[in-house]
Amino acid sequence: GIVSISRVEAPLLGPPATHLSREWEAAAFSGEVSPEEDPERYRACLQSVAAAADSIEARDARLLGAPGGVTPPMLINTSGWVKGLGLELLGEIVAGCRAMHLVVCQVGNARKDLPLPRAK
């Protein structure tokens, strides 16, 4: 699989095959279909792309002349693997990119959904 950063400037509507020609800001190829095959290589890809994201964010802040270094939001679309090693990798992604907000899409199936704490 590929871990990549793409600039999204317009909605991506339709099936994935309709918007494949996007240019990547940064990318790393893990060489496997699933992170499960070589988790350490996948982690190295994540670290490489996260470092590139920091550089891209700093560059954008300079180019935009953004007050306080504020830049457009960065969206991270993950694999959806939320059990076992997948949950561990997801936690590393969230921590590594210093996420300020998370949007979690649930399907209503406990076997497939991210285990979230319930409000009391």
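By convention here, the first residue in the shown sequence is residue 1.
Looking at residues two or more places apart in sequence or on another chain, you find no side chain to side chain contact (heavy atoms under 4.5 Å, CB included) involving Ala51. Residues that satisfy the salt bridge (charged side-chain N to carboxylate O under 4.0 Å, His left out) test with Glu32, not counting sequence neighbours, are absent from this structure. Remark: Glu37 engages no residue in a salt bridge (charged side-chain N to carboxylate O under 4.0 Å, His left out) (not counting sequence neighbours). Qualifying side chain to side chain contact (heavy atoms under 4.5 Å, CB included) partners for Ala53, counting only residues two or more places apart in sequence or in other chains: Ile5, Met74. Listed by chain and residue number, Val107, Asn109 satisfy the side chain to side chain contact (heavy atoms under 4.5 Å, CB included) test with Lys112 (two or more places apart in sequence, or in another chain). Considering only residues two or more places apart in sequence or on other chains, Val103 meets the side chain to side chain contact (heavy atoms under 4.5 Å, CB included) condition with none of them.
Among all heavy-atom pairs drawn from Leu85 and Glu36, the shortest one is CD2-CA, 4.2 Å. Between Lys83 and Asp113, the closest heavy-atom pair is NZ-O, 3.2 Å. Minimum interatomic distance between Ala27 and Ile2 (heavy atoms only, all atoms of both residues): CB-CG2, 4.2 Å. Annotation for Ala26 and Ala52: closest pair CB-CB, 3.5 Å, computed over non-hydrogen atoms. The shortest non-hydrogen separation linking Pro35 to Trp81 is CB-CZ3, 4.0 Å.
The list of salt bridge (Lys or Arg N to Asp or Glu O under 4.0 Å) pairs with a residue in residues 86-95, not counting sequence neighbours, reads Arg43-Glu88, Arg43-Glu92.
Remark: Leu46 CG to Arg41 CZ distance equals 10.5 Å, nearest 0.5 Å.
When side chains are defined from C-beta on, Tyr42 counts as touching Val3, because their heavy atoms get closer than 4.5 Å.
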